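Residue numbers start from 1 in every chain, and the chains themselves are labelled A, B, ... in the order their sequence lines are given, proteins ahead of strands. Everything numeric here is computed off the predicted structure, so don't read it as measured data.
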Amino acid sequence: MPPHSFAPAEPSGLADSPTSEPLLAGLNPEQRAAVTLPAGHALILAGAGSGKTRVLTTRIAWLLQNGYATPGGILAVTFTNKAAREMLTRLSAMLPVNVRGMWIGTFHGLCNRMLRAHHKAAGLPQTFQILDTQDQLSAIKRLCKQHQIDEERYPPKQLQQFIAHCKEEGMRPRDVPQHDSVARKKVEVYQLYEDQCQREGVVDFGELLLRSYELLRDHDPIRAHYQRRFAYILVDEFQDTNRLQYAWLKQLAGDVVEGRLQTQGSVMAVGDDDQSIYAFRGARVGNMQDFVREFDVRQQIKLEENYRSYSNILDSANALIRHNSRRLGKELRTQQGPGEPVRVYEAASDLAEAQWLVDEIRQLVKDGMSRREIAALYRSNAQSRVIESALFNAGVPYRVYGGLRFFERAEVKHALAYLRLLENPHDDTSFLRVVNFPPRGIGARSIEQLQDAARSAGCSLHDAVAAVAGRAGTHLGAFVALVDVLREQTQGLNLRAIIERMLEASGLIEHYRSEKEGADRIENLEELVNAAESFVMQEGFGRDAVALPLDEQRAALRQSPASQGLNPEAPRLDLPLPAVDAAARPGAGAADVDLETGETLSPLAAFLTHAALEAGDNQAQAGQDAVQLMTVHASKGLEFDAVFLSGMEEGLFPHENALSSQDSLEEERRLMYVAITRARRRLYLSHAQTRLLHGQTRYNLRSRFFDELPEHALKWLTPRHPGLASFARTSGAAYAGASSATGQFGLKSESPANAPLPAQKTPPAHGLRVGTAVFHTKFGEGKVLALEGQGEDARAQVQFPRHGTKWLALAVAKLTVVE
DNA sequence: GGCTGTCGCATTTTT
DNA sequence: TGCGACAGCC
């Protein structure tokens, strides 16, 4: 039970509130109820296309506007950067709020932020680097070689999955059951891997979450602080949370006392059990039921009104998903008419299917539909090939989602590895990646020797070079010198200059210049410089501070009776963390700040974090008006005027691997449900009698899912042949008389006007200049090397004789000028 | 060190 | 069938 509550917000009463009305305008009663819920935990079951994001963002805006929460008191968590960005964008369009002081982001992003702030308590260096999936795999391979793990019996890929899975379940090596010798071996590797990561100061994606969870669990003052701070926690796509993410949320929400969860803030979980399609990567729909039980949820609201599709499409979705058991129960409805029927097409072959699809698309485009509003969806990536070549041959522009993303490209990763070595010379993964790239005559032998030396000395490869250089020649020494010198030379330079310098000095540019395929790669490296530049702009490094026209507003917020009354019983902060309050202030904390010392990440380190946490779009011909090709999974959350779902065949969709169990079959059905609900106006379902798969012709039956769709909503473009269920059921008329009413096509999508905050120039208030001598309570006397940002985001690079060069947030760090 | 041939494998994926 | 990983050769 939340210890605090404010006057219960009766939706009807609030409708009269003059301040809230503009926010709430246009919301339906359920949406409005969700937005204006009183304090307490709530589960919002948000059907596809029911305005979920709008409710989430309006809720936050409403809490802020009415003084129920300060920006610093809100935590909103999503799965993807895209979703987090959208929330921020919409929110700032609704309210002139300084969005940067709010904790809105992905699970990984927020955990990262927390770990940087409390890196010492978490047992990490502040500049810990983040391993992506590739890095993690190569780290595991390296480890296997070093410890003579039989890679036949224990494939590195499997070990990687095992480790990731353990972390998702919140298990450290000692927590993993070891039934047999195989399990014991795996756990041993897990332990070795952990030791290696710790030694190198790197952290994988799962570790971000697990470490953050443990930080909260094991440090009472830190946990208490965040529990007090976050009065309102909002979770997007709750059905996709895994065990660890749920446990993390529980730590933030409250403590278990005598078997019961005692919470301080309010958690609003928004999700849709019918759209749970990520069980294979650890998502647990059961978290929804657990949430209701453990949080004693009193408020459950269903958003069932769909603003996206015509009713034939929704009827199909509803009828299909009704075949699933154990649903929380929800039915989509619309005020739109039936619209067009769902068209079903049977092709002789996958080739013919693709050809038909292209013809239909051309017709749609001819009728005035724009290509970007047309999507071709498929269950697995292998199916895109036929469609791509058909589109290509017909000269129809298309865009395939889900390829290599920007920060995953080899050349970009090479460049990032150099940058990481500048930040942390002990990052062996990065060391190995570029020690001989571009080639500089360092062969496998010398690397092996070096690794042996490092192992026996118990140090990093970087540090081991001195020991080996004598024997292995000067190449290794030269490489280390190159990196070390570069580090020296780039001190105090801005991010752009650092990267440009690195690109030259490393020889990357030169290397690619001489390569025949190198032009694209050089372009990408140049793009990396641009990415860094725009990152710097966004994060407020070296930029005029965004004016905060809300100073008064914030003051008002803080003083409003409602927010005063928010936490009447909360004790005053008396953490052994003097600066915690500063970070809790709206406006502060855009950068990762060590809350003890005020130390912030250097622009470079912050950029590296950004690169690891946000893989970047796969920017293939973006911006062009092209047909969108993607898997059904990738389409979740998107919508299109016309959707083609091809390959609707037994074995493909549902996938053959999913036929074995009820649970996985139901997940396939939910996947189909997701696909159907992407369509606004037109939905096409197609299947082929023969299909070339793995070089072999397969004869697939029509998908069982067809038999679960309502006849009245379908239009069979080809005669309906007996399907899977034909023995159990006699099919009716071959052609269902579907209405061809076109209806009004103009379903409006919610497109928030993005009102940018007015910028304003403010003179520097801190009075520091490059060269100023300053004193820090912890690091002692130092000299200012560089200054960036302004106002609350201002930071300084300071060189301390004993502690090296540090970036400090001036709003947090206690710096005094030395005369 | 780079190229070439062979082998094995082949849902879904964000961070 | 088609691609990525890896070993072996020049």
Side-chain angles (χ1 to χ4, degrees), chain A residues 77-84 105-112 130-138 141 151-152 155-157 161 164 167-168 203-210 212 236-237 240-242 244-245 276-283 350 377-386 389 401-405 407-408 410 436-447 475 511 515-516 609-618 630-637 647 651-660 664 667-668 670-672 674-675 691-698:
Chain A
V77 62
T78 63
F79 276 87
T80 64
N81 290 303
K82 196 175 160 209
T106 62
F107 278 100
H108 293 84
L110 297 182
C111 287
N112 170 64
I130 297 167
L131 296 185
D132 68 14
T133 318
Q134 289 175 37
D135 300 332
Q136 190 190 22
L137 185 62
S138 56
K141 280 183 180 165
E151 293 190 30
E152 299 274 280
K157 271 242 173 63
Q161 277 184 354
K167 292 190 179 184
E168 269 161 14
V203 154
D204 64 39
F205 287 133
E207 187 71 21
L208 280 173
L209 284 156
L210 183 51
S212 172
D236 191 19
E237 305 279 17
D240 288 337
T241 51
N242 62 33
L244 179 57
Q245 285 157 340
S276 158
I277 55 173
Y278 286 113
F280 71 90
R281 66 173 197 213
D350 50 349
L377 309 183
Y378 33 82
R379 172 67 242 263
S380 57
N381 285 307
Q383 289 166 253
S384 75
R385 172 173 265 112
V386 221
S389 64
Y401 279 75
L404 252 200
R405 281 162 319 169
F407 287 116
E408 291 167 356
N436 196 35
F437 194 93
R440 40 175 78 89
I442 298 173
R445 282 185 322 281
S446 13
I447 290 175
H475 290 310
H511 173 80
E515 208 180 50
K516 43 188 181 299
T609 300
H610 167 80
L613 251 27
E614 183 147 10
D617 293 327
N618 54 327
M630 67 191 86
T631 64
V632 179
H633 280 94
S635 76
K636 193 178 165 202
L652 264 183
F653 202 176
H655 196 274
E656 51 195 347
N657 298 356
L659 298 177
S660 52
S664 55
E667 180 144 316
E668 294 290 300
R670 290 192 292 270
L671 198 50
M672 171 91 184
V674 167
R691 178 174 300 273
L692 214 56
L693 198 65
H694 308 324
Q696 281 180 339
T697 308
R698 308 212 338 185

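Look at A:Asn381 and you won't find any side-chain N or O under 4.0 angstrom from OP1 or OP2 of B:dT11. Contact annotation: A:Arg440 does not reach the phosphate of B:dG1 (side-chain N/O to OP1 or OP2, under 4.0 Å). Note on A:Arg281: every side-chain N or O is 4.0 Å or more away from OP1 and OP2 of B:dT15. In terms of phosphate contacts, A:Ser380 brings no side-chain nitrogen or oxygen within less than 4.0 Å of OP1 or OP2 of B:dA10.
Taking 4.0 Å as the cut-off between side-chain N and carboxylate O, A:Glu151 and A:Lys141 do not count as a salt-bridged pair. Using a 4.0 Å cut-off between a side-chain N of Lys or Arg and a carboxylate O of Asp or Glu, A:Asp240 and A:Lys636 qualify as a salt bridge.
Side-chain proximity of A:Glu668 to the nucleotides B:dT15, B:dT11, C:dC6 is greatest for B:dT11. The side chain of A:Arg385 sits closest to C:dG2 out of C:dG2, B:dT15, B:dT13. Considering only the side chain of A:Pro439, B:dG1 comes nearest among B:dG1, B:dT15, C:dT1. Listed nucleotides B:dT15, C:dC3, C:dC6 differ in distance to A:Lys141; the shortest reach to its side chain belongs to C:dC6. Side-chain atoms of A:Asn436 lie closest to B:dG1 of the nucleotides B:dG1, B:dT12, B:dT15.
Following rounding to the nearest Å, A:Leu137 (CG) and B:dT15 (C1') show an atom-to-atom distance of 16 Å. Remark: C1' of B:dA10 and CG of A:Asn657 are 10 Å apart, rounded to the nearest angstrom. For the pair A:Asp350 CG and C:dT1 P, the interatomic distance rounds to 14 Å; values are reported in whole Å. The CG atom of A:Leu208 sits 13 Å away from the P atom of B:dT15 (whole-angstrom rounding). Straight-line distance from the CD atom of A:Glu152 to the P atom of C:dC6: 11 Å, rounded to whole Å. Atom NZ of A:Lys157 and atom P of B:dG8 are 16 Å apart (whole Å). Between A:Leu244 atom CG and B:dT14 atom C1' the separation is 15 Å, expressed in whole Å. Across the protein-nucleic acid pair, A:Arg379 atom CZ and B:dA10 atom C1' stand 14 Å apart, rounded to whole Å.
Contact annotation: the side chain of A:Val77 never approaches that of A:Gln245 to less than 4.5 Å [non-hydrogen atoms, C-beta and beyond]. Side-chain contact between A:His511 and A:Phe437 is present, with heavy atoms from C-beta onward closer than 4.5 Å. Residues A:Gln383 and A:Phe653 have side chains not in contact (no heavy-atom distance under 4.5 Å, counting atoms from C-beta outward).
Taking the 5.5 Å centre cut-off and the 30° plane limit, the aromatic side chain of A:Phe107 is not classed as stacked on B:dT15. Look at A:His655 and the base of B:dT11; the rings stack, centres closer than 5.5 Å and planes less than 30° apart.
To the nearest 0.5 Å, atoms CZ (A:Phe205) and CG (A:Asn112) are separated by 10.5 Å.
Taking for each of A:His511 and A:Ala612 the nucleotide of DNA chain B with the nearest heavy atom, the 5'-most of the two is the partner of A:His511. Across the interface with DNA chain B, nearest-nucleotide mapping of A:Gly109 and A:Ile442 shows A:Ile442 to be the residue nearer the 5′ end.
A:Asn81 comes within 4.0 angstrom of sugar-phosphate atoms only, judged by non-hydrogen atoms across all strands, and of no base. When heavy atoms are screened at a 4.0 angstrom cut-off, A:Gly206 is found touching no nucleic acid atom at all. Contacts of A:Phe79 with the nucleic acid, taken as non-hydrogen atoms under 4.0 Å apart, involve only primed sugar atoms and P, OP1 or OP2. Residue-level contact check: A:Leu131 touches neither bases nor backbone, having no heavy atom under 4.0 Å from any strand.
Using a 90° window around 0 for the glycosidic torsion, B:dT12 falls outside it and is classed as anti.
Spacing of P atoms, B:dT12 relative to C:dA5, comes out at 16 Å, to the nearest Å.
For A:Thr133 against B:dT15, a side-chain N or O and a base N or O form a donor-acceptor pair under 3.5 Å.
In this model, no donor atom of one side chain and acceptor atom of the other lie less than 3.5 Å apart for A:Thr133 and A:Gln136.
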